[in-house]
Amino acid sequence: MENQLANIVRPLLRWYAENARTLPWRDEPTPYRVWVSEIMLQQTRVEAVKPYFERFTAELPDIAALAGAPEEQLLKLWEGLGYYSRVRNLQKAARAVMENFGGVLPKTPEELLRLPGIGEYTAGAIASIAYGQPAPAVDGNVLRVIARVTADRSNISETAVKREFAGRLREIYPKEQAGAFTQSLMELGATVCLPNAEPKCGECPLSPLCAAHAQGTERELPVKSAKKERKIEERTVFLILHDGKAALQKRPKKGLLAGLWEFPNVLGKLSPQESEKWLKTLGVSAEKFEPFAPSKHIFSHIEWHMTNYLVTAAAVSKTAPFLWAGHRELAETYAIPAAFGQCLASFQHMQTP
DNA sequence: AATGCGGGGCA
DNA sequence: TGCCCAGCATT
């Protein structure tokens, strides 16, 4: 049987030629810039990525610069963007490209797939957008568009379904306009064939051949499995001041917010008494000690409920496991996750002595 | 196949 | 408030 999807190629390409947004990585789509943009765009909206992309590529304009960058600089450039393993893997991959490919990003999906941080989607995206190869790139947008156009009630959370969609797309990829086709599918999903909100079928170039639109089932598609519930974690966080500087500590190399800097904190909701005791064990004797506004931060899988204390340290043991950072270092050098925004803002609003 | 991993915008 | 976002690595 003929592939029903063949009919979407021409209208989609025509629509894209007229409706493509102007985006920073589309101006000069070198393999490096396409690669960086695709990593930043993983599970992240275009609007959030734009300023990060500009700054990142200005400071690290090529693969060699990325390969040689200090970790602290990398994390600072990624600060607030989330999923920090992306930038570590990006650099690992850059080093591998310098070592094994003479500094040139490989062209085939198979070679790209072997680089850290590049999976099925990103390999296809780079191969098609940067190198014009007819490789499908199936992200959340594409799954939604295809599920609706074909009125497919398969569960798109399943790997097998993603592969099935990729297979159907591979058969119809236009060889001369692979990059435009990849982007047209995602662009349609991002701007017209919307999730949650009402899809703008009136503006859609595919509505005449969309099976879901014909049935009126756009809002029911795509089908995906339910998400796991978040667990709540109580934490107590300390903004410890000494000589006009704030105490920071580095998070472990693995796990949540790996390698970023944080204000000292501990699991549980500690009372003022328990807090002073806990600080003593770290070599901090508090001169002034006052609670300030509690805060909340929601990760995808955990929710932190934070009790915050402002501590002015009278004396600090040399063995205290902290780094002392002034306003300038906090702004320019150390990457602090958004979860600590409350503490960070309190410190930044203080007068420098 | 399931789980861990950020952060923000929007209905 | 819940959902989703140009997903990947690990188990």
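Throughout, protein chains are lettered first and strands after them, A, B, ... in sequence-line order, and every chain is numbered starting at 1.
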Comparing A/Ala197 and A/Thr159 on DNA chain B - which has the more 5′ nearest nucleotide: A/Thr159
From CA spacing to verdict: ring pair (Phe, Tyr, Trp, His ring centres under 6.0 Å), A/His297, A/Phe299: CA-CA 7 Å; A/His297 186 82; A/Phe299 300 96; 4.7 Å; yes
Selected nucleotide, minimal atom distance to A/Ala339 side chain, candidates C/dC4, B/dG7, C/dA6: B/dG7
Spacing of A/Glu233 atom CD relative to B/dG6 atom P, expressed in whole Å: 13 Å
Parallel, tilted or perpendicular: ring planes of A/Tyr309 versus A/Phe238, cut at 30 and 60 degrees: parallel
Heavy-atom donor-acceptor pair, A/Arg45 side-chain to C/dC4 base, under 3.5 Å: yes
Sugar-phosphate, base or nothing in reach of A/Ser300, heavy atoms under 4.0 Å: base
Sugar-phosphate, base or nothing in reach of A/Ala125, heavy atoms under 4.0 Å: nothing
Listed nucleotide nearest any side-chain atom of A/Lys224, set C/dC5, B/dC5, C/dA6: C/dC5
A/His301 vs B/dC5: side-chain N/O to OP1/OP2 distance below 4.0 Å: yes
OP1 or OP2 of C/dG7 under 4.0 Å from side-chain N/O of A/Gln43: yes
Distance between C1' atoms of B/dT3 and C/dA6 (Å, rounded): 22 Å
A/Asp152, A/Leu185, A/Ile156 screened by side chain to side chain contact (heavy atoms under 4.5 Å, CB included) with A/Ile146, the one that passes: A/Leu185
Touch class at under 4.0 angstrom, heavy-atom based, for A/Tyr83 against every strand present: base
side-chain N/O A/Thr122 vs C/dC8 OP1/OP2, d < 4.0 Å: yes
Proximity of A/Trp25 and A/Tyr32 rings by center, below 6.0 Å: no
Proximal nucleotide (of C/dA6, C/dC4, C/dG7) relative to the A/Gln42 side chain: C/dG7
side-chain N/O A/Arg144 vs C/dC5 OP1/OP2, d < 4.0 Å: yes
Touch class at under 4.0 angstrom, heavy-atom based, for A/Ile39 against every strand present: nothing
Phosphate contact (B/dC10 OP1 or OP2) by A/Asn196 side-chain N/O below 4.0 Å: no
Sugar-phosphate only, base, or nothing, as touched by A/Glu158 at under 4.0 Å among non-hydrogen atoms: nothing
Touch class at under 4.0 angstrom, heavy-atom based, for A/Trp25 against every strand present: base
Among B/dG7, C/dA6, C/dC4, the nucleotide that comes nearest once only the side chain of A/Pro337 is considered: B/dG7
Position toward the 5' end of DNA chain C (nearest nucleotide), A/Pro116 or A/Leu23: A/Leu23
Touch class at under 4.0 angstrom, heavy-atom based, for A/Gly255 against every strand present: sugar-phosphate
Parallel, tilted or perpendicular: ring planes of A/Phe56 versus A/Trp78, cut at 30 and 60 degrees: perpendicular
Touch class at under 4.0 angstrom, heavy-atom based, for A/Arg251 against every strand present: nothing
Options C/dA6, B/dC5, B/dG7, nucleotide nearest the side-chain atoms of A/Glu187: C/dA6
Out of C/dA9, C/dC3, B/dT3, whichever nucleotide has its closest atom nearest the side chain of A/Lys228: B/dT3
